[in-house]
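Everything numeric in this text was worked out from a predicted model, so none of it was measured. Residue numbers start from 1 in every chain, and the chains themselves are labelled A, B, ... in the order their sequence lines are given, proteins ahead of strands.
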Protein chains: 2
Amino acid sequence: MSEQTPVPAGFRGLAGNIGIKDHHDDFFVVASEVPAHVSAVFTRSRFAGPSVVRSRDAAADGNVRGVVTLARNANVATGTEGEAHAREVQELAASAAGVPADEMIVASTGVIGRPYPMDRIRSTFHALSSPLPAADLDRSAAAMMTTDTRPKTASARVGGATVTGIAKGVGMIEPDMATMLAWFFTDAEIDRSVLDAVFRRVVDRTFNALSIDSDTSTSDSAAIFANGLAGPVGTDAFEEALYGIALQLVRMIASDGEGAGKLIEVRATGARDDAQAKRVAKTVVNSPLVKTAVHGADPNWGRVAMAVGKCSDETDIHPENVRIVFGDVETYPEPSDEETLRRAAEHMAGDEVVIGVDLGIADGSFTVYGCDLTEGYIRINADYTT
Amino acid sequence: MSEQTPVPAGFRGLAGNIGIKDHHDDFFVVASEVPAHVSAVFTRSRFAGPSVVRSRDAAADGNVRGVVTLARNANVATGTEGEAHAREVQELAASAAGVPADEMIVASTGVIGRPYPMDRIRSTFHALSSPLPAADLDRSAAAMMTTDTRPKTASARVGGATVTGIAKGVGMIEPDMATMLAWFFTDAEIDRSVLDAVFRRVVDRTFNALSIDSDTSTSDSAAIFANGLAGPVGTDAFEEALYGIALQLVRMIASDGEGAGKLIEVRATGARDDAQAKRVAKTVVNSPLVKTAVHGADPNWGRVAMAVGKCSDETDIHPENVRIVFGDVETYPEPSDEETLRRAAEHMAGDEVVIGVDLGIADGSFTVYGCDLTEGYIRINADYTT
């Protein structure tokens, strides 16, 4: 039996089956018993569902105590009925947790275009007794899985405080489309605006640096809830801890990508600035030819060069200044002899493949995360029919 | 035996084996025996090879008589030696065709990072006797194939003139990366600047509307050569004929995409303008989830909605105004009953799948072409190792 994921002080909740599809756990609610600050980011999709719309509103003032998540139905493209359902789920969960409705955010993931079974949802929430027990973040992480093969949790200590994150996401489907959800809970006391700045910086370097298949869900959401019960913490130490667990979750998501066999880490360096490095790294990690080369453990630097070359607006990228490495093995521009390619292939045979691209311009750098493209991805996404 | 592809008057050439890899045909040269105008477009890749660089220079003044194409070696990332080889191939081919060196463009496709076998190339060209025979465009189209499963040619008459196109391209690989090449030859007499304007308009609606896997080769090139021997033609009729054969070639390329089973045509309509329609249509046709849904013949309108939603900067796209059809079957926003989905699935079971997205904003429209994503693509690109 694996160790239980630590729960920060003051977070109560419940995970279980609410009857959306079958008998598996498919919902959880976690909320702070005292007021809490929130920082939250949401999908930019033009088809964002009503859960995202309501949650974005709720989080706008920075005061939210918790989150209710329903899996196996995304409540997207469900019209005005779907909007009413999202509001009712928010109210039911807030009432069960004993918090104001506008201090609960709501997230949904799963099939789209189908209404919620509201009768079952209502009766489950009405049967809950207050106060809710201490949250079980392991069971909560498992309850929001769709095509994930394993729950994803990570936790760290900062001074006397705990920060714990749970996440789900493996691609954009199940069966119609899925979602990346990540929730962080902490009892650290941290100023609302500082929390927001720290969270956005961390998300930019972690969840925004992650790409499974370049598709974007209508429901992607991430948030951190901080209730202050453990007292103040140093901002730098807090940011470092939060970055650490967010990165762990991102690596778990990439490794568990639909059909994925390998985690790909693309490190772009030597760029004009970090933004250029991010554009180049994302182009490489999203290239189907790079992803299939990694799947085949083929140190095909030509495909990496091709992907870098696609950044046609970056006129300061010159092939003669670019360096390409697999692991720590340089394959370009040095002519790749057989021994070099053998060592590079050896690195690529592992579970985690690091591709380095140095642009030779200046000091900008950015690292992104993704996974290989396999027959398994095709099977999951093509052979499943609605 | 299939019919021979018509050759416009005055185009001479040769196709055969030059010994780059094995005994298959791997090169051709076609050139006009009289001066000709050219319009040409080339890859925007930052890793464009020396053949592209030389050809871009040669075409700049609008006077080029022909093209030499070498397959099975892209001569990319080959350093200064590669630049010298591209120049020498250009000179050898021009000399064999009896035209000035700067009136010959050169194209290369195939493996990258390896030098040309110049000895064999030199001896082949030196052995040719002048003048070259009448061009054989069928054999030329076959000679430039890489992972193509069939040669691609199309031809039309405009008044007393002929315009014939040949193309290759199936994805971005073979074994390292491949290329889209398209060459058009005509004996129509057409003003140089008119030829250029017509060709760029046609390319924008055809080759620039084509995407196999979203990757871009370092060698993509397309050009039209017009020698005027058949006398003047109406510009509109010429553009219509050229568009028709270019579109035929694009559909052949998409259908022959690596591992592809189906041609996908995405028609975006009702957009703010044609440019917005093109962005939306390309996002849909490039979505791995849409491509796998087509592979599985699954009328999964949720994935199309997701892909449209990814155009997050298009703030005038509102889900409630969007319509999604498969073939002529609307699946969104009308709630899709079983009979509707059955009819949509029936359309998707065919070889050519049409996805319509109407944005409900204004009259902009654009149609793009692509193919499904299959286990075959993964096999071709992952299981082949260098």
- Message: Can you tell whether the side chains of Glu314(A) and Arg272(A) come within less than 4.0 Å, N to carboxylate O?
- Response: yes
- Query: Where does Thr315(B) contact chain A at under 4.5 Å (heavy atoms): side chain, backbone, both or neither?
  - Reply: both
- Note on the structure: Checked Cys311(A), Pro319(A), Gly376(A), Ala345(A) vs chain B; the most non-hydrogen pairs under 4.5 Å come from Pro319(A)
- Check each atom of Val294(B) against the heavy atoms of chain A and say whether the ones under 4.5 Å are side chain, backbone, both or neither. neither
- Query: Can a salt bridge be assigned to the pair Arg44(B) and Asp313(A) using a cut-off of 4.0 Å between side-chain N and carboxylate O?
  - Reply: yes
- Taking side chain as C-beta onward, heavy atoms only, is Val41(A) less than 4.5 Å from Ser221(A)? no
- Message: Report which part of Glu320(A) has an atom under 4.5 Å of a heavy atom belonging to chain B: side chain, backbone, both, or neither.
- Response: neither
- Message: Salt bridge or not between Glu346(B) and Arg342(B)? Use side-chain N to carboxylate O under 4.0 Å.
- Response: yes
